[in-house]
Amino acid sequence: MNDKVESQYKATLNLPDTDFPMRGNLAQREPEMLARWEQIGLYQKIREARAGRDQFILHDGPPYANGKIHIGHAVNKILKDVIVKSQTLSGKDSPYVPGWDCHGLPIELKVEEKVGKVGVNVSASEFRKHCREYAAEQVDGQRADFKRLMVLGDWENPYLTMDFKFEANIIRTLGKIIDNGHLHKGFKPVNWCSDCGSALAEAEVEYQDKQSIAIDVKFEFCDRHAIKEAFGLTPSDGCPVSLVIWTTTPWTLPANEAVSVNPILDYSLLLLKQQNEYLILASDLVDDAINRYGLALDEIEVVATVLGEAFSRSSKEWPACAYVKHPFMLDQNGSVKRVPVISGEHVTADSGTGCVHTAPMHGVDDFVVASMYGIGSHELLVDAQGNFIANDELDRLELTGLSTADKGNFRVLGLLAEKGALLKKAKITHSYPHCWRHKTPIIFRATPQWFISMNQAGLLTQAMHEVENTVEWRPGWGKARIESMMTDRPDWCISRQRTWGVPIALFVHKETSALHPDSAALIEKVALKVEQQGIDAWFELEAAELLGADAEDYVKVTDTLDVWFDSGVTHTAVLRERDGLKFPAEMYLEGSDQHRGWFQSSLLTSVAVYGEAPYKTVLTHGFTVDGEGRKMSKSLGNTVEPQEVINELGGDILRWWVADTDYSGEMTVSKEILKRNADAYRRVRNTCRFLLANINGFNPQTDMVAGNELLPLDAWMVDYTRQLQDKVIGFYHNYDFKGLTKTLMNFCVSELGGFYLDVIKDRQYTCKADGLPRRSAQTALYHVLEAMSRWIAPVLSFTAEEIWSCLAGEREESVMLAEWYNAFPDTGASTFDDAFWADIIAAKIAVNGVLEKARTDKVIGASLSAEVELYAQPELKAQLEKLGDELRFVLITSGVQVLDFNAAAGVETELTGLRVQVKASQHEKCERCWHHSDDIGQNVQHPTLCGRCVENVEGDGEVRRFA
């Protein structure tokens with residue numbers, strides 16, 4: 001405005017004003033809000049306000065208490081918080097109890113770095129004390145970061161798996177699983193990490209590419225004549241015959257006890273002409289094998305083909321030919337070790353040779369098939385650290401003490417070469433199981449372990465029934481994922497040989513290994529002690545204290561439980577124990593890796609104890625990747641630390657990014673992406689600021705306009721907002737947060753910023769302050785703010801609270817205590833419905849295009865310097881004419897005429913049936929409202945004002961009329 005307006009009429013304008021700052025300064029101001037939440041005890045006030053309401057329990061999967069939180073943690077906690085807050089706004093009692101997983105090897109390793117090894121530098125009891133203290137420190141650090149993400153929860157009373165009562169309830173749950181017949185002790189090959197020195201659960205194994213040495217090895221038949229007869233040949237030469245095996249673990253060959261073939265596969269007897277020897281391979285793999293060995297077709301001859309059952313031991317018979325010589329091992333008598341050829345249905349012709357080297361102590365399939373035939377010993381040749389043990393045979397072969405990971409492997413290759421048994425050696429890259437902690441390749445190693453059986457009491461069948469029929473999996477692919485992981489899954493090895501863990505609190509007979517007959521009662525007695533003293537109560541317990549005279553025949557189990565068992569039984573130790581919670585939970589929400597982990601351990605333990613799943617819905621989110629889709633890695637330097645994002649941009653920006661990203665797949669994040677999200681946030685913030693600035697001085701108690709008195713445009717905005725709220729709530733209830741953010745952004749940019757707010761500026765600024773035209777618009781803005789502050793609260797929690805504090809009228813102490821807005825007025829039936837305003841908005845967009853062209857061509861300056869003629873088809877013309885004089889305010893021009901469509905008049909627009917002619921107004925410009933009008937100068941006291949401004953300054957205020 002010019003100086004004259006500044007001096008004479010500025011005070012007569014209703015200029016926007018608000019304490020809500022344009023810049024959020026989130027990084028600096030969010031902590032103040034958090035401090036206020038804690039000061040007023042917001043979480044507890046929410047619990048009191050929702051007491052007795054229907055519940056929605058989202059049960060927190062416990063992060064591990066070790067290290068700073070990363071961006072994946074932030075995604076997980078923010079998604080949970082958005083859901084909990086939206087359910088609270090829906091009136092549900094939705095408590096959120098966070099938790100931490102506190103036992104296990106990673107903490108042991110950290111403590112070991114500080115205090116040394118158990119039994120060497122420190123006692124086991126002292127070591128556990130240090131582990132407990134370390135875990136508590138980690139919990140405190142992570143808790144501070146989670147709270148800084150604006151996540152509301154019972155942070156001062158979380159669940160910790162190392163709490164004494166929790167540890168006791170873990171033991172009690174194990175007892176119930178035993179009572180229901182699911183536990184057994186077995187001697188089986190299990191996933192074994194040589195760095196951990198312990199067995200691993202399936203959930204602790206991840207697959208990575210590994211380069212291995214792949215070898216083809218000859219096992220020569222003991223009776224070369226008998227094997228030729230098995231192929232229908234009359235022995236006529238003394239050429240040796242060998243089965244060929246293919247393996248990527250040469251170090252397991254000292255433990256070989258058999259060679260397995262498939263009884264119903266075809267096997268070919270090949271004559272190597274130059275070498276004068278025979279090889280036996282699966283017929284389907286002959287071509288691949290001879291190419292691998294570098295043999296030409298004229299160098300070999302397929303002599304005969306038979307089924308595998310012709311030369312292998314089956315359950316019914318054992319042919320005389322079914323023995324081969326171990327390439328380098330000797331038996332107890334010092335003779336070459338003979339190993340049988342056995343039938344195994346696990347053998348396929350997919351790759352290799354169709355003949356499988358069988359080491360029962362180092363492979364699950366090997367163990368199973370060897371057990372069927374009663375062959376093999378339970379003597380371990382490899383220790384817990386993955387080194388060959390000392391015995392006479394391994395000493396002779398110079399293998400003792402060598403690591404299976406390197407030197408032991410190479411020594412075996414040397415032995416094979418010395419004996420002429422190494423047919424081919426090559427390096428291959430393949431997917432191989434690794435320890436999730438150490439990122440090192442695991443081995444399979446048979447040891448005595450405790451298992452939860454999948455089949456002896458029907459646990460797997462029951463669990464799969466729950467997966468299929470009871471649980472809702474979101475996204476839908478989650479169901480197929482967990483089914484694929486559970487189908488035919490092996491028994492769950494729950495025992496670990498560690499120090500910092502919940503004990504398998506059982507007494508077993510010294511000779512028979514049978515459980516004590518009073519195990520149920522004993523478990524409860526142990527649990528009571530653990531409740532008081534923690535897990536040390538078991539490790540320091542003298543057996544006689546509970547068993548009396550039976551202590552002479554029984555020993556304590558010293559193994560600890562798999563930590564996945566700890567977290568898996570939170571359905572009992574938390575949901576069933578904590579006041580205000582319930583079982584089953586409405587939802588478990590974690591990353592997609594937890595189909596193998598927590599989702600599965602929780603399901604199996606819950607079904608084992610209660611016969612049902614612990615959750616009704618499982619929602620899964622993907623992993624975070626960088627802007628180029630690469631996995632985040634410190635070595636690549638592409639990680640995004642949530643702490644840095646919060647300190648630079650603020651928690652609400654991070655929360656908006658989480659909500660605005662499709663969590664069902666990989667979630668892309670980078671500094672550039674976050675900056676774009678910051679821009680989107682500013683659009684939402686500035687829209688809300690404009691709304692707040694324009695309800696300045698509005699008292700909803702005295703200034704609210706009744707619904708049936710609202711001007712048509714304002715009534716439409718109120719009704720549109722009410723309808724939009726239904727969509728917003730639907731997005732929250734369907735967990736479609738990307739749909740939510742897109743809808744909010746469109747509302748700010750299009751319906752509000754691109755139309756409604758633009759149109760009402762004139763009314764807001766120039767009409768009489770307490771007149772109907774302004775109060776009507778303010779009423780609509782107030783309703784929009786009441787609704788929108790709630791809509792954004794689950795995502796932009798700080799910003800919503802900030803808006804809430806700026807709104808007039810009586811209200812709850814925090815937006816987090818509110819429910820979805822339900823005070824929209826009834827505006828009554830109107831011809832100015834959604835369809836009408838859709839036509840008007842389309843016309844406005846079309847006219848804007850022509851005005852912009854006229855401005856570029858210097859025909860007009862600002863749009864208020866223009867007058868337009870609209871040539872419209874009858875249907876559109878009728879709609880436009882309904883607005884009467886209000887149409888010029890909608891188009892933000894100083895004059896408008898609506899005329900019959902004329903294909904020769906004006907210029908064509910993007911809207912079919914509308915042509916527009918723009919011309920510069922020839923009238924003077926009002927100093928106050930900047931409209932050009934023919935009545936300027938008619939008032940002596942205000943010669944520079946138009947008639948309506950004079951009325952707004954001196955009179956009762958203008959009346960805005962629609963046709």
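- Side chain of Gln211 to main chain of Lys427: no donor-acceptor pair is present (N/O by atom type, distance under 3.5 Å, no hydrogens or angles).
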- Decide side-chain contact (heavy atoms from CB on, under 4.5 Å) for Trp492 and His182; before the verdict, give the C-alpha distance in whole Å, the side-chain angles of both, and the deciding distance to 0.1 Å. CA-CA 10 Å; Trp492 177 8; His182 299 295; over 6 Å; no
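- Using a cut-off of 4.0 Å between Lys/Arg side-chain N and Asp/Glu carboxylate O, Asp559 and Arg496 are scored as not salt-bridged.
- Partner Leu399 forms a side chain to side chain contact (heavy atoms under 4.5 Å, CB included) with one of Val382, Leu394, Leu381 and no other, that one being Leu394.
- Ring planes of Tyr432 and His430: tilted class, angle from 30 to 60°.
- Formation of a donor-acceptor pair under 3.5 Å by the Ser453 side chain with backbone atoms of Gln456 is found in this model.
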- Task: Report the C-alpha distance between Leu253 and Ile215 in whole Å, list the side-chain angles of each, state the deciding distance to 0.1 Å, and finish with yes or no for side-chain contact (heavy atoms from CB on, under 4.5 Å).
- Result: CA-CA 11 Å; Leu253 282 167; Ile215 57 174; 4.0 Å; yes
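- At least one donor-acceptor pair under 3.5 Å links the side chain of Glu466 to the backbone N or O of Ala613.
- For the atom pair Ile442 CD1 and Cys435 SG, the distance stands at 8.5 Å (nearest 0.5 Å).
- With sequence neighbours excluded, no residue forms a side chain to side chain donor-acceptor pair (under 3.5 Å) with Glu511.
- Between Leu402 and Glu398, the shortest heavy-atom contact is CD1-O, 3.4 Å.
- Every residue was checked against the ring pair (Phe, Tyr, Trp, His ring centres under 6.0 Å) condition with His346, not counting sequence neighbours, and none meets it.
- More than 12 heavy atoms of other residues, nucleotides or ligands shown are found within 6.0 angstrom of CD1 on Ile428.
- Within 6.0 Å of atom NZ in Lys210, more than 12 heavy atoms from other residues, nucleotides or ligands are found, so the atom counts as buried in its surroundings.
- Aromatic ring centres of Phe231 and Phe311 lie closer together than 6.0 Å.
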- Should Thr620 and Phe599 be marked as a side-chain contact (heavy atoms from CB on, under 4.5 Å) after you check the CA-CA gap, both sets of side-chain angles, and the distance that decides it? CA-CA 10 Å; Thr620 308; Phe599 295 153; 3.9 Å; yes
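- The backbone N or O of Cys355 sits nowhere less than 3.5 Å from a side-chain atom of Trp246 that would complete a donor-acceptor pair.
- Atom-to-atom distance recorded for Ile300:CD1 and Ile290:CD1 is 3.5 Å, nearest 0.5 angstrom.
- Atoms CG and CZ, on Asp287 and Arg292 in that order, are 11.5 Å from each other to the nearest 0.5 Å.
- With ring centers used as reference points, Trp598 lies under 6.0 Å from Tyr588.
- Using a 4.5 Å cut-off on side-chain heavy atoms (C-beta onward), His595 and Trp473 make contact.
- A 6.0 Å sphere centred on CD1 of Ile264 holds no more than 12 heavy atoms belonging to other residues, nucleotides or ligands.
- Leu416 and Pro327 get closest at one heavy-atom pair: CD2-CB, 3.6 Å.
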- Query: Which is it for Leu279 and Leu423 under the side-chain contact (heavy atoms from CB on, under 4.5 Å) test, yes or no, and what are the steps along the way?
  - Reply: CA-CA 11 Å; Leu279 302 180; Leu423 187 59; 3.9 Å; yes
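- With Glu393 contributing its side chain and Leu330 its backbone, the two residues share a donor-acceptor pair below 3.5 Å.
- For Lys273, the NZ atom counts as densely surrounded, since its 6.0 Å shell holds more than 12 non-hydrogen atoms of other residues, nucleotides or ligands.
- Side-chain N or O atoms of Tyr267 include one that pairs as donor or acceptor with a backbone N or O of Gly354 at under 3.5 Å.
- Of all heavy-atom pairs spanning Trp477 and Ser592, the tightest one is CH2-CB, 4.0 Å.
- For the pair Val341 and Val261, the minimum side-chain heavy-atom distance is below 4.5 Å.
- Between Asp331 and Lys337 there is no salt bridge, since no side-chain N of the basic residue sits under 4.0 Å from a carboxylate O of the acidic one.
- How far CG of Leu243 is from NZ of Lys325: 13.5 Å, rounded to the nearest 0.5 Å.
- Note on Lys479 versus Glu468: salt bridge recorded, some NZ/NE/NH1/NH2 to OD/OE distance being below 4.0 Å.
- Scanning all heavy atoms of the two residues, the minimum distance from His357 to Asp366 falls at O-OD2, 3.5 Å.
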- Please test Thr470 against His465 for side chain to side chain donor-acceptor pair (under 3.5 Å), starting from the C-alpha separation and ending with a verdict. CA-CA 7 Å; Thr470 303; His465 178 272; 4.7 Å; no
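- Using a 3.5 Å distance cut-off with no hydrogens or angles, the side chains of Thr440 and His434 do not pair a donor with an acceptor.
- The shortest heavy-atom contact between Pro240 and Glu220 is CB-OE2, 3.6 Å.
- Checked by atom type and distance alone, the side chain of Asn409 never pairs as donor or acceptor with a backbone atom of Ala405 at under 3.5 Å.
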- Task: Using the side chain to side chain donor-acceptor pair (under 3.5 Å) rule, take Ser495 and Gln449 through it: C-alpha gap first, then chi angles, then the decisive distance, then the call.
- Result: CA-CA 6 Å; Ser495 50; Gln449 301 287 347; 2.4 Å; yes
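- Screening Trp192, Phe444, Trp251 for a ring-ring contact (aromatic ring centres under 6.0 Å, His included) with His362, the sole residue that qualifies is Trp251.
- Distance check, rounded to the nearest 0.5 Å: CD1 of Ile245 to OG1 of Thr358 gives 9.0 Å.
- Look at Arg411 and Glu418 and you find a salt bridge, because one of the NZ, NE, NH1 or NH2 atoms lies within 4.0 Å of a carboxylate O, short of that distance.
- Under the 3.5 Å distance criterion, the side-chain polar atoms of Arg445 are matched with a main-chain donor or acceptor of Asp383.
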- Query: Can Ser335 and Asn333 be said to form a side chain to side chain donor-acceptor pair (under 3.5 Å), step by step?
  - Reply: CA-CA 6 Å; Ser335 302; Asn333 300 318; 5.7 Å; no
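- When the shell of 6.0 Å around NZ of Lys185 is examined, it contains more than 12 heavy atoms from other residues, nucleotides or ligands.
- Side-chain contact check for Asp216 and Tyr293: at least one donor-acceptor pair (N or O, by modelled atom type) lies under 3.5 Å.
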- Applying side chain to side chain donor-acceptor pair (under 3.5 Å), run through Asp395 and Thr400 and close with a yes or a no. CA-CA 5 Å; Asp395 288 347; Thr400 300; 2.4 Å; yes
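- When all heavy atoms of Met464 and Glu483 are compared, the closest pair comes out as CE-O, 4.0 Å.
- Looking at Arg596 and Glu206, no side-chain N of the basic residue comes within less than 4.0 Å of a carboxylate O on the acidic one, giving no salt bridge.
- No donor-acceptor distance shorter than 3.5 angstrom exists from the side chain of Asn262 to the backbone of Thr348, with no hydrogens or angles considered.
- No donor-acceptor pair under 3.5 Å is formed between the side chain of Ser242 and the backbone N or O of Val244.
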